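Quick caveat, the model's predicted, so the values are computed rather than measured. Indexing begins at 1, ligand by ligand and atom by atom, following the structure's order.
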Amino acid sequence: MFYFKIDRWNPDPNIIARAASILRDGGLAAFPTETVYGLGANGLNPDAVKKIFRAKGRPVDNPLILHLSEPGQARSLAEIDDRAAETIKAFWPGPLTLVLPALPHVPREVTAGLSTVALRMPDHPAALALIDAAQCPVAAPSANRSGRPSPTDAEAVAADLGDRIDILLDAGSVDVGLESTVIDLTGRGVLLLRPGGAPAEKLEKFFGEPLESPGDDARKRSPGTRYRHYAPALPVSIWRPGEEEIPRSIDPSTSGFMGMTPPSAHFARTVLFDSESSYARGMFAGFRHFEAEGLRHIVVEWPRSQGIGLALQDRIWRASN
Ligand code: AMP
Ligand code: MG
C-alpha cells in the first residue's frame, strides 16, 4: 500500500494524480471526506466496485454511494427533477446523500440491483480533487471492515484495511465524524433513510414538510440500515443521564465512559465532550481507543436528538445492539 500525508486545503497534485490513476485502473483508494474516511473505487467499473465489497467484507445487497466532484455530474447518473436540483443546489457540497431514480448504465454492483442510486458531493478539497482527477464517479463506503466503527482518521483505515487497499491519503481527522444523511427523493414525500451530518431540522425547514420515517420499509429501501454496525469489539451500553444509574452489571474500573455529563462512578477512562458536534467527531475514535486500551466494556451517554444528536443516537443504538 502507498501511504501519503496530504494537505486538506492544498493537496499535492502529483499525489492526487497517482491516487486517481489507481482509481481509473480499477484499484482501491482510501481518502478523507468531511464525514468519515471513504474506501473508493471507480463507480462505473463493476470489477473495481466488487473489490470494495471483498475488502470490507460488506454484504453484497448493501448498495454504495457514488461520490461526485461537480453537482452537474448527477444528471449523468440519475433522473434529476426540479426538487432534486434545488436540493443539490442548497446542500452540495455537504453531508447529504440523495437517493434518486438510477439511469440504466449505473452498475448493479453499485445499486445492489435497486432501481435507484445514491449520490453525494463531499465538502472536502482533497476528496473533490481526487474525484475530479479520476474523471469518474467514485463509489465509496466508509473505509472500515464491515460492522466496525467508521474511520475518522487514517490510522483507523490502516488498522482495518491496510493490507487490502492500494493507496491511503491521510489529511488528518475529519470534521463531522459521522456519515452523511441519506434521504430518498423518489416518492412524493422526503424519506429519511439514515440520519447523519446534515441535520433533520435543516432539511425539514428546506422542504417545508416533516421528513417521513420509513419504519419497517427501511429494510427494503436502504438495506444498509439493517446490519449491526459501527460496533467496537467491546460491548456497548447506553446510559441516559438523570433517568438511570450506571447498570450494576458493569464494573467501571475496567470500563470506558464517553459522553457529555460527568458520571458519578469512577471509570478506568472517561472521555467528555463539550457539545454534540464534538461528541460526533470523537465517538468512533473513542471506541477504537477504548479497544486498544484493553478495557472490557463501554458506557456511552444517550445524547439529545437535536441537530447531529439524532445521528449520534442512531449510531450509538446500532453499536449497542
Ligand atoms: P455507507 O456507504 O456504508 O455509509 O452506507 C451507504 C448507505 O446508503 C447505506 O445505508 C445504504 O443502504 C444506503 N444506500 C446506498 N444506495 C442506496 C439506494 N440506492 N437506496 C437506498 N439506500 C441506499
Ligand atoms: Mg459504513
Side-chain angles (χ1 to χ4, degrees), residues 28 30-41 43 49 52-68 74 77-79 84 95-104 106-122 127 137-152 156-157 160-161 174 176-187 190-198 211-232 280 283-284 287-288 311 314-315 317-319:
L28 295 180
F31 62 97
T33 77
E34 83 279 35
T35 57
V36 300
Y37 272 71
L39 174 60
V49 172
I52 291 178
F53 288 89
R54 253 179 276 139
K56 286 188 56 120
R58 184 179 173 101
V60 291
D61 63 349
N62 189 6
L64 300 176
I65 297 168
L66 291 180
H67 291 72
L68 315 177
L77 299 162
E79 285 169 28
L96 180 67
T97 295
L98 305 183
V99 171
L100 298 163
L103 296 186
V106 177
R108 52 172 300 123
E109 286 75 8
V110 170
T111 63
L114 299 171
S115 59
T116 54
V117 63
L119 303 178
R120 175 167 111 84
M121 178 179 168
V138 175
S142 49
N144 52 280
R145 299 272 181 119
S146 208
R148 297 267 304 142
S150 300
T152 54
V157 179
D160 268 22
L161 297 173
V174 301
V176 179
L178 303 178
E179 300 77 357
S180 61
T181 303
V182 182
I183 57 172
D184 180 321
L185 289 181
T186 60
V190 181
L191 218 50
L192 178 64
L193 294 180
R194 173 177 78 182
L211 303 182
E212 291 171 20
S213 148
D216 289 342
D217 213 30
R219 288 163 177 275
K220 277 174 244 143
R221 296 252 193 184
S222 196
T225 54
R226 72 173 167 253
Y227 304 105
R228 180 174 191 256
H229 242 102
Y230 315 118
M283 186 178 68
F284 285 138
F287 283 169
R288 288 175 182 265
D314 172 76
R315 306 306 186 273
W317 178 251
R318 277 181 300 136

Kindly confirm whether the Mg ion (ligand 2) is within less than 2.8 Å of some N/O/S atom in Ser142?
yes

For Leu114, atoms of ligand 1 separated by under 4.0 Å from a heavy atom
18 (C), 19 (N), 20 (N)

Which heavy atom in Ile52 sits nearest to a heavy atom in Leu39, and how many Å separate them?
CD1-O, 3.6 Å

Output yes when a side-chain donor or acceptor of Arg58 lies under 3.5 Å from a complementary backbone atom of Pro63, and no otherwise.
yes

Give the atoms of ligand 1, by number and element, whose distance to some non-hydrogen atom of Leu193 is under 4.0 Å.
21 (C), 22 (N)

Qualifying residue for side chain to side chain contact (heavy atoms under 4.5 Å, CB included) with Val99, from Thr116, Ile65, Leu114, Val117
Thr116

Is there a side-chain contact between Asn144 and Phe284 (heavy atoms, below 4.5 Å)?
no

For Pro141, the ligand 1 atoms whose distance to one of its heavy atoms is below 4.0 Å
2 (O), 3 (O)

For the residue pair Arg148 and Ser142, confirm or rule out a side-chain donor-acceptor distance under 3.5 Å.
no

Check whether the side chains of Ser180 and Thr97 place a donor and an acceptor atom closer than 3.5 Å, and report yes or no.
yes

Ligand 1 and Arg194, any nitrogen or oxygen pair closer than 3.5 angstrom?
yes

With a cut-off of 4.0 Å, which atoms of ligand 1 are near a heavy atom of Ala118?
15 (C), 16 (N), 17 (C)

Logged contact type for Thr116 with ligand 1, heavy-atom cut-off 4.0 Å, is both

Asn62 heavy atoms, cut-off 4.0 Å: which ligand 1 atoms fall inside?
9 (C), 11 (C), 12 (O)

Identity of the nearest option to atom 6 (C) of ligand 1, non-hydrogen atoms only, from Thr35, Val99, Ile65
Ile65

Under a 4.5 Å cut-off applied to non-hydrogen side-chain atoms, are Leu98 and Ile183 in contact?
yes

